[in-house]
Amino acid sequence: MHPTRDQRLWMYRQMVTSRYLEERIETLYMEGKTPVFNMAKGPIPGEMHLSNGQEPCAAGVCAHLGPEDIVTATHRPHHIAVAKGVDLDAMVAEIFGKATGLAGGRGGHMHLFDERVNFSCSGIIGEGLGPAVGAALSRKMQGKSGVAVAFMGEGAANQGAFHEALNLAAVWQLPVVFVIEDNAWGISVAKQASTAVPRNDSRAAAYGMPGMHVADNDVDGVFAAAGEAIARARDGQGPSLIEIETARLAGHFMGDGEDYRPEGEKAGLEARDPIPRYRRALLEAGLLDAAADAGLVDEAHERVEAAIRFAQDSDFLPAEAALDAVFV
Amino acid sequence: MHPTRDQRLWMYRQMVTSRYLEERIETLYMEGKTPVFNMAKGPIPGEMHLSNGQEPCAAGVCAHLGPEDIVTATHRPHHIAVAKGVDLDAMVAEIFGKATGLAGGRGGHMHLFDERVNFSCSGIIGEGLGPAVGAALSRKMQGKSGVAVAFMGEGAANQGAFHEALNLAAVWQLPVVFVIEDNAWGISVAKQASTAVPRNDSRAAAYGMPGMHVADNDVDGVFAAAGEAIARARDGQGPSLIEIETARLAGHFMGDGEDYRPEGEKAGLEARDPIPRYRRALLEAGLLDAAADAGLVDEAHERVEAAIRFAQDSDFLPAEAALDAVFV
Amino acid sequence: MTTTSTGTRKLTIARAMAEATAQAMREDPTVFVMGEDVGPLGGVFGNTRGLHEEFGSDRVRDTPISETAFIGAAVGAASDGMRPIVELMFVDFFGVCMDAIYNLMAKNTYFSGGRVKVPMVLMTSTGGGYSDAGQHSQCLYATFAHLPGMKVVVPSNAHDAKGLMTAAIRDDNPVVFMYHKALQGMGWLGTEKGATVPVPEEAYSVEIGKAAVAREGRDLTLVSLGAGVHHCLRAAKALEAEGFDAEVVDLRSLVPLDRETVRASVAKTGRLIVVDEDYHSFGVSGEIIASVVEHDHRLKAAPARVAYPDIPIPFAPTMEQWALPDADKIVAAFHQMLRNH
Amino acid sequence: MTTTSTGTRKLTIARAMAEATAQAMREDPTVFVMGEDVGPLGGVFGNTRGLHEEFGSDRVRDTPISETAFIGAAVGAASDGMRPIVELMFVDFFGVCMDAIYNLMAKNTYFSGGRVKVPMVLMTSTGGGYSDAGQHSQCLYATFAHLPGMKVVVPSNAHDAKGLMTAAIRDDNPVVFMYHKALQGMGWLGTEKGATVPVPEEAYSVEIGKAAVAREGRDLTLVSLGAGVHHCLRAAKALEAEGFDAEVVDLRSLVPLDRETVRASVAKTGRLIVVDEDYHSFGVSGEIIASVVEHDHRLKAAPARVAYPDIPIPFAPTMEQWALPDADKIVAAFHQMLRNH
Ligand SMILES: Cc1ncc(C[n+]2csc(CCOP(=O)(O)OP(=O)(O)O)c2C)c(N)n1
Ligand SMILES: Cc1ncc(C[n+]2csc(CCOP(=O)(O)OP(=O)(O)O)c2C)c(N)n1
Ligand SMILES: [Mg+2]
Ligand SMILES: [Mg+2]
C-alpha cells in the first residue's frame, strides 16, 4: 500500500509539528530547572517523555485513521496525539496544567484524553491495550464503524497485559491493531536483555494473527503495514500486530543521563533522524520543493507557537477544583 | 526417550495411587453433604478439584524428577503431589485440615506445601509460574542442581503471568519446564472459546523456546517429551514448554453439574480413561501380569487407606493456632 | 417486563442481581455482561443465571482467564458508549488485574477532567465461612474503598442487591458491587436466611451512598455491611434478651460512605461496635471508628471492633470459624465494653 | 567492610539503602537484587547505585517490564535459599503484580504452616509533590498494610532507612520497604533536608515494628510516617512559637504497628492529629485514630487527621500542593481542635 502525495505530505506535516512541539516543550520544560534540575520546578513540572525520533510510527499509522477511530497511547504520547488530531491548544494547555487543558490540568502529559477524536494515553506499561480491545468490542457490538489502535513500546511486549489483550482480541476477532514502537530501550534496559525473541511481530503467531515488521523507522513502511492491518480490521478480519523499528533520540525522560547507551549510538541515531530523511525523500520525489517545505514548516511552527501561547496565557483552575471530576 | 520397565511401572503406580486417593476423597468429601450439598459441611469442606484423568501428566513428568527438583502445581494438585513424592499422610491430613497436615490445616487442598520434596501449589491461575522461574534462578545462581517444573491448565495459558514467566525464563535461560495440562476446559469455558490458537505449544516460539505437544493423554508420550525438556534444562539449555492433551473426567470441582459438556463427551472420555489403557498396555507388553497388577493396586490402595486413617485419627489444631505461622 | 410489585415474592441475592441485570439489558441495548463462566453456566455464584439464554453470546460473554484484558476492555467499552457489567469471580483475584480497576476504571474520568465517563459495574464475590481457604475467602472491602474514583457497594439482602445493582448499572460512574457468597442463596455455600427477602418485580434503585438502619435501638450502635449485618441482627436479638437495645446500621455502600447516618446513630446510643469480616487493621472498622470520634469523641464507652484478625484465612473450619466475626463475638465485645466503663 | 562509626557522616536515604544492601551482599552471597533499571542505571531513584559495579549482572539484575514474573520469581528464589531484594519501581504499579505480592509472598509462610520462609524485601517508591500525576505519586501505605503476611516499613530519614533495610534483608519474613521519593535525596525530586542525617558506616538494624518519638512534647501528639514526619516537625516548630509543645511520633513501621508508643504519647498529651499522605479514607489515619480511642477515648479533644483527600492525584502543581499535607495544614488542624473544645 503506497501513500498518495497528499498522504505523504500529511505525514510529513505531522512529524514536523510533533518534532517542533517537543523542541519547544524541551526548552520550556527546562525553565526553572537550571542550574539545579528539580522536576517540581518550572512551567512544566513532573516527568517528561519526549518522542523525538518516533514520529514515523504515529504519522504512518494515523494516516489511516479518522476521528471516530480509537487510539490508546502510552507515557510517550505527543507524536501520536498530534497525528491523531488531538486539539493542540488544549493538549499543550494540559501539559502546562492549565484550566483550558484537556482535563483542566488534572492529567498532565501522561494523561491526555480527547474524546472528540477518541484519543487517550496512560502511564502504566501495557495499560492501553485492554481498553483498545474493549473499544473495538464496543464498535463491533454496536455495529458501528471504527477500529482501535493500541500503541506501546517494545518493553511493553513483555508485560502480561500484552498477552491477554492480544489473545482476547483474536478470540473475539475484533477490529484492533497493536502497534509496537521498538526504540530498542525500556528506560535503561536494552530490548535484547528483556525480550526473548529478536522481533515482537513474531509473537503474533501465538495469537493466530498476522504479524508485520517495519524496518528502519520508515514512515512509508509504517503507512504500508498499518494500511493493511487497519483495512483487515475494518473488513472484519480481526486484529494484527505491527512492530516498528524506531529510535528514541532523547533520553527516557528529561533529565536522563543516558550513560547506558553504547558509545556512538546517539550520533548514529541522529544521523538517521527520520524527519530530515523524509524531507529529502519528498524533495527527491518532487513532492516538495524548498519553498513549499519552508511554508509547511512555518505553518506547523506557527500552530505550535499558537498553542503554547494559548497555554501560557491560560489560568490555572482554582486549587479546590482538585476535588471535582472524580465522579461525573 | 523411552521409559524403562521400572519407570513404566513407577508411573503406573503413581497413577493408580492418585486415582484411588481421589476416589476415596470423593466419597469422604460427600459425607455430610447429602441430601443438601453444602461445601461447608463434612469432613472435607471447601472446594474440591479432582484430577481424575489427568494422572499421565503428573506421572510422565515426575518420573524425571527427584526430591531436589522443584514443582509448582495448581488448584488441581493431587496427582502431581502424589507423583512428586509429597508425604501422603501429611497431605491427606492437610486435606482434612488436621494438625498433622502439611500446614496444620491452614492451607487445605489448594495449598499443599512440602518443602522436603520442593512441592507447592496455589489457587490463583498462573500463580505458580513466577515462583518456578525464581526457584530455577536460585539454583542457577547458587550453582546447585535441580530443575523447576511449573504445571498449569490450558486456561492458564491466557493469563498474563504465563507470558511474563516464559519470557523471563527464556531471557535468563533458566532450567525450568512449563507443562500445560490441556483438559479442554477452564471451568465451563472450552479451550477454543478462550484461546486464540489451537495448541499452546505453538506459543513457545514467542519466547524462542522449544514447544512440545503430547497427544491423547499418553503417559509414555509425556515421559518422552518431559524427558527431553528436563534434560535440556539440566544441561543448561534453558526452558521448554509442553502441552499435554489430557482429560478432566470429573467436574471442575465437586458439585459441578457439568451441563456445559457436549453430549457424549463424558462417556467418550471415560472410555479413553488413561489408567485402564496403560494397564492394558503394560499387560500386553508383558511388564505386568494380573497378579502383579493386583499386588501393585492393593499396595497403592493400602498406602492411601493408611493416609486416610492417619488423617482421620489426627486432631485439629487448637483454633487459636490460626494466629500462628503468619510470620516465622 | 412485569411492573407489578407483589411485595411478597422473595428472591435470593443471586436471583435479584440477575433480575436487575436482565431488566437493564431489556431496557438498554448497551448493557452487556462479561466474565469467566457468566455465560451458559450462569456464573459460579448464580448471579448471571438465565441471562445467556435470554440475551445470547454476544451480550453475555464468557471470557478467557485474562482479567487484566477483559476488565481493561470493559473500561474501553464503557468509554465508548457501552455499559458493561464485568465479573471478577472472586475478589481474591484482584491482584492480577487491580491496575485495570484502580488506575483505569477509577481514574479515567478524573484524568479527562470529567469528560470521559466510565459507566460500568465490576461485580465480585467476597467472604468465607465455607473453608475455601486463604485465596478464596477474603472480603477486601477496604482494599477497594481506600482507592479513589470508584463507588463501592455491599448489599446485605436481596432487596438492596437488586436496587443497588440497578443503581450501579444506571450510574455513569464505575461501581464495584461486592456480593458476599454466604448471602447468595446458593445452597452449596450455605444460606443466610435473612438475605432472602421480598423483592419488587419492577426495576428500582436503592441510592448508592445511603446507609440503612436495619434495626433501631437506643443503647448501642452496631455498624456493619454484607454478611456482618446478619451477625449484628442476631447479636441485637441476644442483647435484647439481656435488656439492651441495639441499633444496627447497614452501611450498604462504602464509597460514598454515609458517615452522617453512623454519627447520628452513635450520637443517640453513645456506644459503637463495628463488625467487619475484612481484615482488622487499616480497614473498614478503623475508618468507621475514626469517622465517629473525629466528629465527636464523647462516647459512653470506648468504641470497639469485631473484625477478621490480621491473618490469612485458614482452611480448617475449626480455625476459620474461630476467626470469623459472629453474633457471640459481638455480644462478648459489648459485655467487655460494659465491664470497661 | 568498614566498621568504624563516624556518627557525623550524612547520607541520603538513597545512599543509605544502597549501602545497607551492599553490606548485606558482601556478607551473604544469597542476597541479590532485581528489578527494572536497578543495574547499570542504579535504580531510577538511586537506591541501587554502585551495586552493579561491585557485584555484577548476576547479583544485580535488570528485568523485563514483567512485575508479576519477577516478583513471583523472587518468592520462588526466597523459598529456595536466596534472599532477594526486588524493586517495584513506583508503588503505583502494584496493580499489575499485587497477586504475587499479597497472595504468594505474604501467604506462603502461612499456607505452609510456617515451614516455608520467604525472606525477601520488596522495595518501592512512594509519594508525590513533584507533579508526576495520578499514576506516579501515590503512597498506598494502607493498601499494603491492610493485607496480612508482610511487614511494611516506611523510613523518614537515612539512619532509619539503612537500619530498616538491614533489618528487612536479615528478616526471614517478607518486608515491604516503602521509600518516599521526596526523601531520597535525589536533587531532581526535590530534597527534604531533614531526611539526610548522620548514618553509621557499619551495618546495623533498626527494629521493625518500633515507632520512634521524633520530638517530645506535652500538648499534642502528631503521628505520621515517611515524608509526613517532616511536615509534623515543621508544624511542631511553628506551634512552639505559639507556646504549644507537640510530640511527633514517627511510625517507621506499619506492620507490625507500634500501637503502644502511639497510645502512650496520646495518654500524655490528650490530643491526636494523624498526618498521612496516603488517601484519607480506609487508611492509616483511620487505623491510628481507632487504635487510640478503642484503647482510651477520653481525649482532651476529638482526634483529627490531615490526609490526602479521596481524589486521584492531580498533575497541576497548584492543585497537587493544595491537596498534599503540609505543616500549615497541621497547624490549622490544631487550631481547629482548640476552637472545637
Ligand atoms: C507496569 C509498569 N512498570 C514499569 C513502569 C515504569 N516505566 C515507565 S516507561 C518504562 C519503559 C517502557 O519501555 P517501552 O515500553 O519500550 O517504552 P518507551 O519508554 O521505550 O517508549 C518503564 C519501565 C511503568 N510505567 N509501568
Ligand atoms: C486469576 C484467576 N482467575 C480465575 C480463577 C478461577 N478459576 C479457578 S480454576 C479456573 C479454570 C482453570 O482452567 P485451567 O487453567 O484450564 O485448569 P483446570 O481447572 O482445567 O485444571 C478458574 C477460572 C482463579 N482461580 N484465578
Ligand atoms: Mg522502548
Ligand atoms: Mg483446563
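Just so it is clear: chains get the letters A, B, ... in the order the sequence lines come, proteins before strands, and each one is counted from 1.
Checked against side-chain hydrogen bond (donor to acceptor under 3.5 Å, both in side chains), A:Gln159 has the following partners two or more places apart in sequence or in another chain: D:Glu67.
Contact of B:Ala193 with chain A is made through the backbone alone, with heavy-atom distances under 4.5 Å.
Put simply, the side chain of B:His163 gets close to the backbone of A:Ala157: a donor and an acceptor are under 3.5 Å apart.
Note that the OH atom of B:Tyr207 and the OG1 atom of A:Thr195 stand 11.5 Å from one another [nearest 0.5 Å].
At least one side-chain heavy atom of B:Asn167 sits under 4.5 Å from a side-chain heavy atom of A:Arg203.
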